[in-house]
Amino acid sequence: MLALAGILPDFRLQSADGDSATRIAATAALGAGAFGVLSSVVWPLLVRALLLVPALVLGLLVFFLNGSLLLLALRLDPSGQSEAAPETAVVVAAVMSAVASATGGALAVRDDDAYRRRLYRLFDRRRRGRTPPAEGPPTPGTVFLQLDGVGHDVLLDAVGRGLMPTVAAWLGENQDSRGTHRIIPWRTDWSSQTGASQLGILHGSNHDVPAFRWYEKDSQEIVVCNRPTSAAELQRRAIGHTGDGGLLTVDGASRGNLFSGGAEQLALVLSVAARRGRENRSRAGYFVYFSDPANAVRTALSFVADVGREIGESTRARLGKKRPRVGRGGLYPFIRAFATVVERDVVVTAVIGDMLAGRSSVYADLVAYDEVAHHSGPRSRDAEKVLQRLDRSLALIAQVAEHAPRAYRVVLLSDHGQSPGETFRARYGLGLGELVRAGCGLPVPRKARRTHSGAEARAAVRAALRRPVEEGGEQYRPTGPASEPLVLASGNLGLVSFPDVPHRMSREEIDARHPALLTTLANHPGVGFVLVRSEEHGGLVLGAHGAAIPLDELDDDPGPLADFGPGAADAVRRTHTFPHTADIMVNSWYDPEEGEVLAFEEQIGSHGGLGGAQGRPFLMSPLTFSAPVQAGEELVGAEQVHRVLRRWLRECDGPQVPIEVRPGRKAA
C-alpha cells in the first residue's frame with residue numbers, strides 16, 4: 001500500500017502538510033488491515049447476494065467491489081488521513097489482492113506445513129455448522145477427472161515430451177517414480193462427442209443419441225446435447241431406460257458436466273442449468289470459488305491474459321497464412337478464456353472441496369483442451385500449453401488428496417479424441433447443406449450460414465450468463481419450408497431429415513422424391529459413406545461408384561467402411577436401430593494415413609463421427625483397481641465404460657449402483 005501511495009497521484013496516506021514516516025506506516029497498516037477484514041467478512045456476503053448476477057458479469061464486478069471495500073476501509077481509518085479517487089481505489093485493491101494471492105500461493109508451495117494448515121482451514125470453514133465425523137471414512141473415495149477431447153495418442157505424446165509430468169509420474173515414465181496407474185484406449189460409439197459419451201458413462205445408456213444435434217420428427221424439435229433443456233431430457237430418458245439413477249447417486253458430486261450422474265452435489269452441470277429458483281444448485285460452485293477475493297482477482301487477471309494470448313496466437317496464424325485455419329474472432333477469445341480459466345478454476349476448486357469434505361465419488365469435466373483444439377488444432381502449440389496447465393491442476397488435486405480425511409483414488413479419462421483436418425467448406429467451397437440442396441435440385445444461396453462449433457464451452461458460457469438459449473426456442477424448429485431438407489452437423493457427421501415426412505424415409509422414398517440426392521452425396525470426394533434405411537435390405541451403406549452394402553453383410557464386405565477400422569460396422573448398425581436416426585446419415589471422408597477428416601462445422605479439430613483419433617479416447621486407472629478388460633479384449637462404447645467405473649466403485653465399497661429411481665423421487 002505504501003508503494004502504491006508513492007506511485008499513484010490520486011492515492012494519499014498522509015496529510016497535505018506531511019507526516020512522519022512512522023505515522024504514514026501506521027496509516028498504511030490500518031488501511032490494509034481494515035481492507036483485509038472487510039474482504040474476509042463482507043466479501044462472501046456480497047458474492048452470495050451477487051449469485052443472482054451472471055457469473056461472467058460477477059467476474060467484471062470483482063474489481064469494482066474490491067475498490068469499494070478499499071474506499072470503505074480508508075473511511076474507517078481513525079487517522080482520517082487516507083483517501084483515494086474511486087478509479088484509483090479499484091487499481092489499488094486489485095493490486096493488493098493479486099499480491100496477497102501470489103504471496104500466499106508462494107508460501108503454500110514452499111512450506112508443506114503452511115500449505116496443510118491452509119487446506120484444513122478451508123475444510124473447517126466449509127464444514128462449519130455441521131458435525132464432522134471423528135475420523136474419515138475407512139474406505140477410499142474415487143475422483144473421476146475427464147480431460148475433455150484428449151485422445152489416447154495425444155496424451156501419451158504429451159507425456160513422452162515432458163509436457164505432463166504429473167501424468168508421467170502416475171504412469172511410471174519418470175526415472176524417480178514408480179507407476180501407480182495403467183492406461184488403455186477405448187473406442188467410442190459412432191457419435192464420438194461429449195453428449196453421447198458422458199451420458200453413457202454417467203447414466204449407463206446413450207441409446208438414441210445419434211449425434212451432437214439431431215431432428216426428432218415426433219416432437220418436431222432439434223435436440224442439441226449442450227442445450228440445457230435437451231440435456232435434462234436426455235438424462236431423463238437414460239434414467240428411464242436403465243432404471244439407474246446414475247453413477248454418483250450415493251454421496252456423489254458432479255462438477256462441470258453435461259449431466260448430473262444422479263449426484264446431489266452439483267456445480268456447473270448443464271442438465272440443471274435451465275431450472276429456476278432454488279432447484280438450480282449448479283451455480284453454487286461460483287460462490288465457493290469467488291467467496292475468496294484473492295481467487296476472484298487472480299481468475300479475472302488470468303482471464304484477461306488468456307484473451308490477450310488468444311488474440312496474439314490467432315493474429316500470428318492469420319499473418320502467417322497458416323492452414324488449415326478457421327475464424328477465431330468475435331466473442332471466441334472470451335469463450336476460450338472462460339473454458340481455460342474460469343471453468344477450470346471453479347471446477348478444480350469444487351473437486352478440492354469435495355475431497356476435503358470426504359465425499360465418496362466425484363466426476364468432473366475439464367473442457368479447456370477440447371475448446372482450444374477445435375480452433376487451433378489437436379496438436380497445436382496452443383493445445384499443448386493447455387495440456388501443461390491441466391497437468392498442474394492434476395498436481396494440485398493430487399496434493400490435496402494427501403490431506404483429505406479419507407484416501408482417494410484418481411481415475412483419469414476422456415470422452416473422445418479429436419481428428420485434425422480442414423473444413424468441408426474450405427476444401428470444396430460449399431457446405432454440406434448447399435451440397436444437399438444441389439442434390440435435391442433446390443436453389444443454393446450464394447452466401448450460406450456457417451455452422452457454429454458445437455464446443456461444450458459455449459453452452460457453459462450461456463448458462464453462466466443465465467442465458468441458456470431457452471428464450472429463442474424457435475431456432476430449435478425447422479425454419480424453412482417443410483418439404484425442404486433440414487441439414488445438421490456434428491463435427492464430421494452430417495444428418496439430413498425431411499420434416500414433412502413423419503417417419504424415417506427409405507432409400508426408395510428418397511429416390512422417388514429426389515433421384516439425384518443419394519448419388520450426389522455418396523459420390524462426392526468429401527464424403528466417406530452414407531447410411532439410409534432400405535425397404536428391401538433394412539439398413540444400407542452407400543459409397544462411391546455405386547457401392548451399396550446391406551448392414552448384415554458389412555462383416556464380409558465392409559465396402560466404404562474399410563478405411564474406418566475395426567468396430568465401424570458395429571457402430572453403424574447400432575445407430576441404425578435408434579428411433580431418431582436421421583433419414584440420411586453422412587460421414588465425411590477420412591484419410592487413414594494422415595488421420596484427417598473433413599468437418600462439416602467450422603473446426604480444424606473435430607469429433608462427432610467416425611475416423612481417426614476422435615474415436616480413441618483413454619481410460620487411466622490406479623493399479624489397485626481391477627483391470628478394465630481382460631487381456632486381449634477391447635473396451636468398446638461409453639456404456640461399457642460405465643460398467644467398468646461402477647465395478648471400481650463397488651471395489652471401494654462406495655456408492656452401490658444401480659439405484660432404482662423410486663416413484664416420487666426426483667431424478668436430478
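Because the structure is a prediction, the values reported are computed rather than measured.
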Is the backbone N or O of [Y] less than 3.5 Å from a side-chain atom of [X], with the two atoms forming a donor-acceptor pair by type?
X: T575; Y: A571; result: yes
X: D415; Y: G149; result: yes
X: Q198; Y: L258; result: yes
X: S271; Y: A232; result: no
X: S490; Y: G608; result: no
X: S192; Y: T188; result: no
X: N257; Y: Y363; result: yes
X: E535; Y: R507; result: no
X: D208; Y: H580; result: yes
X: S497; Y: P499; result: no

Testing the basics here: between [X] and [Y], what is the closest heavy-atom pair and its distance to 0.1 Å?
X: H203; Y: A238; answer: CB-CB, 3.9 Å
X: S376; Y: D382; answer: OG-OD2, 3.2 Å
X: P485; Y: C440; answer: CG-SG, 4.0 Å
X: L147; Y: S414; answer: O-CB, 3.3 Å
X: A489; Y: F600; answer: CB-CB, 3.7 Å
X: C225; Y: L270; answer: O-CD2, 4.4 Å

Heavy-atom side-chain proximity of [X] to [Y] below 4.5 angstrom:
X: V150; Y: L387; result: yes
X: I222; Y: L488; result: yes
X: L234; Y: F259; result: yes
X: L247; Y: H642; result: yes
X: W589; Y: V597; result: no
X: R646; Y: D244; result: yes
X: V436; Y: L521; result: yes
X: S588; Y: F424; result: no

Should the pair [X]-[Y] be classified as a salt bridge under the 4.0 Å nitrogen-to-oxygen rule?
X: R379; Y: E596; result: no
X: E371; Y: R336; result: no
X: R437; Y: E434; result: no
X: D552; Y: R573; result: no
X: D583; Y: K217; result: yes
X: R513; Y: E509; result: no

For H576 and R504, which I'm curious about, is there any donor-acceptor pair between the side chains at under 3.5 Å? yes
With no hydrogens and no angle check, just 3.5 Å: does a side-chain donor-acceptor pair link W190 and N587? yes
Please enumerate all residues that pass salt bridge (charged side-chain N to carboxylate O under 4.0 Å, His left out) together with D556, with sequence neighbours excluded.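 For D556 there are no salt bridge (charged side-chain N to carboxylate O under 4.0 Å, His left out) partners, ignoring immediate neighbours.
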Among residues at least two apart in sequence or on other chains, which ones pass salt bridge (charged side-chain N to carboxylate O under 4.0 Å, His left out) with E639?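 By the salt bridge (charged side-chain N to carboxylate O under 4.0 Å, His left out) rule, E639 matches R574.
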Given the rule in the side chain to side chain contact (heavy atoms under 4.5 Å, CB included) test, do N492 and L598 qualify, once you have shown the distances and angles that lead to the verdict? CA-CA 6 Å; N492 73 318; L598 299 176; 5.9 Å; no
Parallel under 30°, tilted from 30 to 60°, perpendicular over 60°: which one fits the rings of F564 and F529? perpendicular
Please verify the inter-ring angle class for H416 with H607; under 30° counts as parallel, over 60° as perpendicular, anything in between as tilted. parallel
Mind checking what makes side chain to side chain contact (heavy atoms under 4.5 Å, CB included) contact with A317, not counting sequence neighbours?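 Partners of A317 under the side chain to side chain contact (heavy atoms under 4.5 Å, CB included) test: K322, R325, R328.
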Distance (rounded to the nearest 0.5 Å) between [X] [atom1] and [Y] [atom2]:
X: W186; Y: L619; atom1: CH2; atom2: CG; result: 9.0 Å
X: I201; Y: L645; atom1: CD1; atom2: CG; result: 7.0 Å
X: D365; Y: L268; atom1: CG; atom2: CG; result: 10.5 Å
X: L551; Y: T577; atom1: CG; atom2: OG1; result: 10.0 Å

Starting from the C-alpha separation in whole Å, work towards a yes-or-no answer on side chain to side chain donor-acceptor pair (under 3.5 Å) for Q193 and S191. CA-CA 6 Å; Q193 47 87 21; S191 181; 3.0 Å; yes
Please walk me through it: do H503 and F498 pass ring-ring contact (aromatic ring centres under 6.0 Å, His included)? CA-CA 9 Å; H503 59 270; F498 294 91; over 10 Å; no
Walk me through whether F212 and V224 qualify under side chain to side chain contact (heavy atoms under 4.5 Å, CB included). CA-CA 6 Å; F212 179 79; V224 186; 3.7 Å; yes
Apply side chain to side chain donor-acceptor pair (under 3.5 Å) to the pair T340 and D306, showing each step before the final yes or no. CA-CA 8 Å; T340 59; D306 201 76; 2.9 Å; yes
Tell me which one of V496, N523, V532 satisfies side-chain contact (heavy atoms from CB on, under 4.5 Å) with L518. V532
Pair T423-R425, side chain to side chain donor-acceptor pair (under 3.5 Å): steps then yes or no: CA-CA 5 Å; T423 68; R425 183 185 298 277; over 6 Å; no
